[in-house]
Amino acid sequence: MSELASETEVVLRLTDVVKTFPGVRALDGVQLEVRAGEVHCLLGQNGAGKSTLIKVLAGVHQADAGEITWCGEPFAPASPQAAMRSGIATIYQELDLVDDLSVAENAFLGHEPSRFGITRRRAAANRTASILARLGHPEIPARRLVRQLPAAGKQIVSMARALSHDAKLIVMDEPSAVLAHDEVENLFRIIRELTANGIAVIYISHRLAELREIGDRITVLKDGRTTAANLPARTTPTRELVSRMTGRTIEYVFPPRAEKPAAEPILVVDGLSREGEFTDASLTVAPGEIVGIAGLVGSGRSELLETIFGARKADTGTVTLDGRRITGVGAAVASGMGMAPEERKSQALLLDEPVYKNMTLASFSGFARAGFTDLRNERAAATRTADTLELRPRDVDRPIRTLSGGNQQKVVVGRWLLGDVRLLLLDEPTRGVDVGARAELYQVIHDLAAGGVGVLLVSSEVPEVLGLADRVLVMREGRVVHQAPAGELDEDTVLDLVMAGSLLEGNPA
Amino acid sequence: LLTACTSNTPATDAQVKTDTSGNANAAAGKKVVIGFSAPAADHGWIAAITNNAKAQAAQYSDVELRLVEAGSDAAAQRAALATLIGQKPDVLVMLPHDGKELDATALEAMRAGIPVVNLDRAFPSQAAYRLQLKGDNYGMGLAAGHYIGEQLKAKGATTPIIGEIPGIDSLELTQQRSAGFAAALAEYGFKVANRRPAEFTADSGQAAATALLQALPKMDALWNHDDDQGIGVLAAVKQANRSEFFMVGGAGSKTAIDTITKDDTVLKATVTYSPSMASSAISLARLIGQGKGLSDLVELQVPKDITLASETITKDNAAKYAKLGF
Amino acid sequence: MITETALPEVRERKRVRLDEGVVRNLGLVGVLAILMIIGAVTRPELYGDATWVKNNIFTILQQASAIGVVTVGMTFVLIGGGVDLSVGAIIALAGVWSTTLATQSYGPLGMVFTALVVGVVVGLINGVLISYGKLVPFIATLAMLVAARGLAAQISGKQTQISADATINGIATTKILGIPLLVLILAAVVVAGWVLLNRTTFGRRTVAVGGNPEAARLAGINVKRHTVLLYALSGLCCGIGAIMLTSQATSAQAAMANLYELDAIAAAIIGGTLLSGGRGTIVGALFGVLVFSTITNLFAINNLSTEAQNMVKGGIIVAAVLIQQFRYRSITQLFKR
Amino acid sequence: MITETALPEVRERKRVRLDEGVVRNLGLVGVLAILMIIGAVTRPELYGDATWVKNNIFTILQQASAIGVVTVGMTFVLIGGGVDLSVGAIIALAGVWSTTLATQSYGPLGMVFTALVVGVVVGLINGVLISYGKLVPFIATLAMLVAARGLAAQISGKQTQISADATINGIATTKILGIPLLVLILAAVVVAGWVLLNRTTFGRRTVAVGGNPEAARLAGINVKRHTVLLYALSGLCCGIGAIMLTSQATSAQAAMANLYELDAIAAAIIGGTLLSGGRGTIVGALFGVLVFSTITNLFAINNLSTEAQNMVKGGIIVAAVLIQQFRYRSITQLFKR
Ligand SMILES: Nc1ncnc2c1ncn2[C@@H]1O[C@H](COP(=O)(O)OP(=O)(O)OP(=O)(O)O)[C@@H](O)[C@H]1O
Ligand SMILES: Nc1ncnc2c1ncn2[C@@H]1O[C@H](COP(=O)(O)OP(=O)(O)OP(=O)(O)O)[C@@H](O)[C@H]1O
Ligand SMILES: O[C@@H]1[C@@H](O)[C@H](O)OC[C@H]1O
Ligand SMILES: [Mg+2]
Ligand SMILES: [Mg+2]
């Protein structure tokens, strides 16, 4: 298709587009050229300006300078509605759904089929159902409230909304971040369908492998500027992409594990169950050991982690840390457990507060004397952590809401580097994190383990689990179906286990 | 200082008519169920109304009082009355939150054959009540204005600075009092320099008085409509360290009468608006229920309108009024 | 996928979820029933009389009618993420304006028209201050509360204005097929509110605007304009409420409908509306209003003193909400097994 | 390559951000100044007298003192994501309880102690109902409002209870170094509140609990216990406020501190506190209270009628907030260039 695309007309062209926020030049001269029927990938570090760029296209933000032409005409959408009317539909990075509306109502929000203001609910439901079927998800009921859907389901609804418009360009901002492996395949099938019909797609992801598979051309952004345009997606060497993004070369490898972890476990989970979420989970983590949990979205890993942390009450089973029963979050944190939860905005961040206060959220009382906080010390410690994590920008006084998603994620992990943490639970720690930062995070996790901290890691990226962990547990339908040292597993085996394959069935943990 | 109603012991000494010797009407008669409704008491005067009604009813072996206190506005009172009327009392004594707003309800009761005794705040429709028993709000303002006018004239003041602290300003009775006050002052060529309403409570009285004193660095006289809020007004006067003026109160509470007697504050007089009218209303409602008249009158039935006179209590006559204070 | 494993659970959840609203309302029906039973037990002689009971129910409904209409408007504002503290003041202003001698000279239609227009216009001003002036709803409508009551006092000269219009006053006494007209008006507003919320684009957008304003904006909804309309709607309900109250009181006054804002918000919340927006039901709001109105009735027939009333009322409110929660939890529990 | 350009901008941004709170408060100072100037222009003969002006400022502060203390407590509750509608009722209950004859017989310390204990205990009950009973704060504290006023009426027999204690009454008349004791108490509470919010772990938890309760919980903060403490703190402030008001009025009564809840919430919001929690300032709250108290003063010295007062007051509130916003926007605008 890439040959085909290279011959088609240019539908969208951005020249020297600039967008500033108070104090930040998020876009500082962007060039972009998108052709009909192509998948044009945007690549860039966290905070490079990708989301800002697409929000300018979507009419959410207005560019301060520069030129945009859309289908040959100058284009400056004043509102999201204007952009949609011109045929540009967007799937935003942050889910933009209304929890208390149904799937169909969300899909057609703002352009509901109606007669005299009365919504035609049947029509909306039918059209939604057919879009969902086209998306490969006929099982999602159009009249279900969106709040009842898991994260992956919500992502599907976001896509359904984009498809509900007659778009000529669909912009997708990290749509795969919350999707599992097979879901991503499904997404690609749909993208191919779209491009075959001449629809252009702008695709954003931090996973290079995805760009290779689905992309036609790549434009690289760095600090709000285009540093490379129209690179062939399949053939450009990784080294070149990374250096265009970061200005340096990164060895994208997992650091080798030197020592064998101690045998005596620090965390013992015994027969833990929660109705409808997971059943009879038992596991141990030793000091300095990294244990990975692989599984599909919806397999109950997050719930298991939250239950271990005491944030949910177990129906049966026990959790002990160093022989002490963990009954609630307070006890967990007090005895040295920390958790970086899955949904950073709703579960981890104080969006209006500065970075350093978010960083010290779990440890500020440790810095305090007789109940009085020690802001200087806190800031200093937070700044050090920001350095370790290569936070961008390094300024720890900025409200965290102005950081890009990946950088926010670093703060969430960094939070637990500040206290005396002895066991760290990480739920999708690299979701939305760029390649460079990812390597840094991996290093941080390794250093922690080397320092004797036990790590329990949930990730939907199998290579990550295999590369980081000493031992891997595979979960399916709420049960631990397999566990083995990472060295004894490969990607295919894990995928097979995860997907209810039968390779090692009957050989449980 | 701790006296009587405006005090810390729930009042037991209500204003009741007990001495009924030689009154033929005192003899027990046909049993009368009296429904009674007054707005929720948020200050001493209204509290005294309800207390008096209860105490007076307790004097009669042939009276059963059905008390329905209603919330803080006319709608709440209508709701309460609707259920009370549904219970068909023999007579209904009602101190409406606002006479005009409850006019329709009273008419309804009258149409349902229940005689209504209208207490204090008047119904506009003649057909809405059997007996109207009220204080004289305009007259109260007149009394206060005349007292102040006379005093200032005696002092030879020509353009005196006069302050006024009314009660809840949205009530019509407040408007009437202020109107009477202004009319009386006008007879002397005086007028009100500043008017800061309070809400019949002591803390609001303090706030209003503080503001007034600040606005009038020099003052000659002050009328405060309500002795309950007057406690706060006097506190504010003391806090501002002011004494160049004299003050007249309103309603006639025991505390106010005592203070006037002691004569150690700016409060020199108060004009009455007595909650004893509630006791009288119960007595008259009983007679209406039994079809009897007032024994001193020639007429066989209780008359239709009775308006109490507003009297002026000063140090000189305070002793006489001491037991009528609420 | 969103897979076979998740699905059965999902189905089960749906059943429970659909029940949530109903169960909550069932809880409130339960509370109402309990209140009625207490009434019957404490005053058996009254509850023994069927006519009295029928009358009493109409009385309760009638007393709930004006505040009920206002609560429907408030529910929309709350779902849309706002709050309207000025409802009582709007009623007063609309009531007073429509009962000036000048307005009364235009007859009942003129009075109704005036009340509605005043309500809508004040609501529009609220909405514009909030949407375009970027004032927090609490402050904007609080300022309006103060100002509108002031204007009402000005217009009425602080006098209670008598409505001399037999048609207007008749609204409170008319019955149609034995049902008081006021109750029918309440029913009509509730039905209209239900349809508007659940069956129109306006209603669905209200949920979006309150639940996730950013998402609503991204979906192309004009959030500001919609917000303005919500306050106008609340103002309209106040205008209707003003006529209903005026007819009941055969008069209007600057201090009327005092603290209706608190009552309406409380009723909406008890009925399951979120103060933070994005969720709420019209039927729940109606039940919330009825709970309050039934409590008042219960107190009245038992001659409770105001102070006892208040203490008990505080307790009943807490109990009502706890009963609701308890019922919801235990019923969900049942479904879970 | 391009990194160097970003850095200086980031620094600049920081400066602007630090200014946000200050600029908002500057806006309020501006509003206060404007109100004073209007006073001076309309009543030059008063403002010409320096002693009067000094006295007037103290009067304004003194009248702001009790509600100011309550607003500090309210600000904590609001930042913590709640709301306390019962503050006025708590003051009434604490005031009435501490002025019963029995309590007064224990002398001034007994009275102060009683007021504080009543305040804290009622606050604790609010907190427990909200945290552990899972009631929405609006409903729980509304129920408490009703119940506490009822209990206060019961205890006082609906009478105004006179405080015969010279020490208590003396609080309102005492000056220290020429400054009224009430003003000093307000200052002490504001300073303590500022330190508590900005310099202690308690304050940090408050912001976390209100800003994102789930994040706070997952960071190991005991959200429920903290919530209970916040309402207890608000209750404590009400206890202090009750003593201050009792001393000013030399009496207490069930209807005292009427509608303080609205005043306190409005002052806090005008001072920059979010009704939705997670953000707020103590100094802003103080300015919010002072704006209201200065408005009252301005009206008094100009002998404005109640109805005119109300209309103008509504307008001033709107204007005050707009001025604040305007200043903030335009100053940020300046920095942008
Ligand atoms: N509303 C805003 N106000 C201030 N700064 C903003 C705002 N939105 C984005 N920024 C800043 O603009 C820059 C670009 O952010 P953007 O979200 O576009 O990055 P991104 O490339 O999408 O990153 P990620 O891969 O982490 O999603 C960042 O420095 C970010 O902090
Ligand atoms: N429609 C639904 N409504 C409510 N709960 C659901 C629904 N579908 C699935 N669930 C529950 O939610 C859980 C899935 O949540 P989630 O997707 O976070 O799982 P997970 O294993 O943590 O996956 P991931 O780590 O990718 O987040 C499952 O335990 C499932 O029981
Ligand atoms: O409430 C009013 C009272 O306080 C006043 O003094 O007299 C008349 C009453 O209606
Ligand atoms: Mg992004
Ligand atoms: Mg998960």
Minimum heavy-atom distance between [X] and [Y], given as atom pair plus value:
X: C:L142; Y: D:A266; answer: CD2-CB, 3.3 Å
X: C:M311; Y: D:A147; answer: CG-O, 3.6 Å
X: D:A143; Y: C:V318; answer: CB-CG2, 3.8 Å
X: D:A153; Y: C:E307; answer: CB-CB, 3.7 Å

For D:L151, which atoms come within 4.5 Å of any heavy atom of chain C: side chain, backbone, both, or neither?
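Backbone plus side chain of D:L151, per the 4.5 Å heavy-atom cut-off to chain C.
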Where does D:L274 contact chain C at under 4.5 Å (heavy atoms): side chain, backbone, both or neither?
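Neither the backbone nor the side chain of D:L274 comes within 4.5 Å of chain C.
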Among the options D:L145, D:I270, D:I269, pick out the one with the most heavy-atom pairs lying under 4.5 Å from chain C.
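When all of D:L145, D:I270, D:I269 are compared, D:I269 has the most.
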Selection from D:I316, D:I265, D:V312 maximising heavy-atom pairs under 4.5 Å formed with chain C
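The candidate making the most pairs under 4.5 Å is D:I265.
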Output the residues of residues 82-94 of chain D for which the shortest heavy-atom distance to chain C is under 4.5 Å, in residue-number order; output 'none' if no such residue exists.
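Interface residues of residues 82-94 of chain D: D:L85.
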At a 4.5 Å cut-off on heavy atoms, which part of C:A140 comes close to chain D: side chain, backbone, both, or neither?
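Interface part for C:A140: neither.
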A side-chain contact here means heavy atoms from C-beta on lying under 4.5 Å apart; do C:V321 and D:V136 qualify?
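Counting from C-beta outward, C:V321 and D:V136 never come under 4.5 Å.
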Separation of C:L275 CG from D:F138 CZ (nearest 0.5 Å)
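Between atom CZ of D:F138 and atom CG of C:L275 there are 6.5 Å.
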Apply the test side chain to side chain contact (heavy atoms under 4.5 Å, CB included) to residues D:I317 and C:L135: give CA-CA distance (whole Å), side-chain angles for both, the deciding distance (0.1 Å), then the verdict.
CA-CA 10 Å; D:I317 296 175; C:L135 293 180; over 6 Å; no
